[in-house]
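All remarks here apply to the structure that follows.
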Amino acid sequence: MVLTVGKAYVKAALHVTRGKIYYDTGEICYEGDCVTPEGYETMPCGHGVEYYKSGVIKNRGLFQRRGLVC
């Protein structure tokens with residue numbers, strides 16, 4: 001059975017780790033709590049910091065797979 005990204009994300013959220021996500025060009029995009037759902041790339045899940053490609057902080061707070069929650 002293949003899980004949809006939403007169901008895979010919820011299942012993976014039981015095992016949150018600290019990590020970093022990078023833009024395709026190598027600059028840091030996100031640093032903080034992450035999950036890697038089975039069959040998908042690493043996604044934000046918890047407290048972290050999102051960056052512009054220039055390295056300037058874009059958002060700081062609580063994140064889910066689609067971005068900043070609060």
Side-chain angles (χ1 to χ4, degrees):
M1 178 175 117
V2 177
L3 295 176
T4 64
V5 68
K7 289 181 181 179
Y9 183 86
V10 170
K11 183 178 177 184
L14 298 173
H15 308 285
V16 176
T17 61
R18 295 292 294 179
K20 296 179 181 180
I21 300 172
Y22 296 91
Y23 288 106
D24 293 338
T25 52
E27 296 90 348
I28 190 163
C29 175
Y30 173 83
E31 181 176 26
D33 296 335
C34 298
V35 295
T36 306
E38 187 176 331
Y40 297 93
E41 294 184 9
T42 302
M43 300 176 187
C45 182
H47 293 279
V49 180
E50 183 179 24
Y51 298 91
Y52 290 105
K53 281 189 174 186
S54 66
V56 174
I57 293 174
K58 182 178 181 180
N59 291 308
R60 186 186 313 246
L62 183 61
F63 290 81
Q64 288 184 344
R65 68 184 172 98
R66 293 188 177 176
L68 183 67
V69 176
C70 63

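This one's a predicted model, so the numbers in the text were calculated from it and none came from an experiment.
Residues Val5 and Pro37 are not in side-chain contact: their nearest non-hydrogen atoms beyond the backbone lie 4.5 Å or more apart. Between Val49 and Tyr30, every side-chain heavy-atom pair lies at or beyond the 4.5 Å cut-off. With contacts defined as side-chain heavy-atom distances shorter than 4.5 Å, the pair Thr36/Glu41 does not qualify.
A distance of 11.0 Å separates CD1 in Ile57 from CD in Glu50, rounded to the nearest 0.5 Å. To the nearest 0.5 Å, atoms NZ (Lys53) and OH (Tyr22) are separated by 15.0 Å. Summarising the geometry, atom CE belonging to Met43 is positioned 11.0 Å from atom SG belonging to Cys34; distances are rounded to the nearest 0.5 Å. The CG atom of Leu68 sits 8.0 Å away from atom CG of Leu62, with the distance rounded to the nearest 0.5 Å. Atom SG of residue Cys29 and atom OH of residue Tyr51 lie 10.5 Å apart, to the nearest 0.5 angstrom.
When all heavy atoms of Phe63 and Pro44 are compared, the pair lying nearest together is CB-CB, 3.7 Å. Pairing each heavy atom of Ala8 with each of Tyr40, the nearest pair is CB-CE1, 3.8 Å. When every heavy atom of His15 is checked against every heavy atom of Val35, the shortest pair comes out as O-CG1, 4.2 Å. Residue Tyr9 comes nearest to Gln64 through the heavy atom pair OH-CA, 3.3 Å, listed as atom of the first residue, atom of the second, then distance.
Contacts classified as salt bridge (charged side-chain N to carboxylate O under 4.0 Å, His left out) and involving residues 59-68 (residues at least two apart or in different chains) are not found.
Each of Val56 and Ile28 belongs to its own hydrophobic cluster when Ile, Leu, Val, Met, Phe, Trp and Tyr are linked at side-chain heavy-atom distances under 4.5 angstrom.
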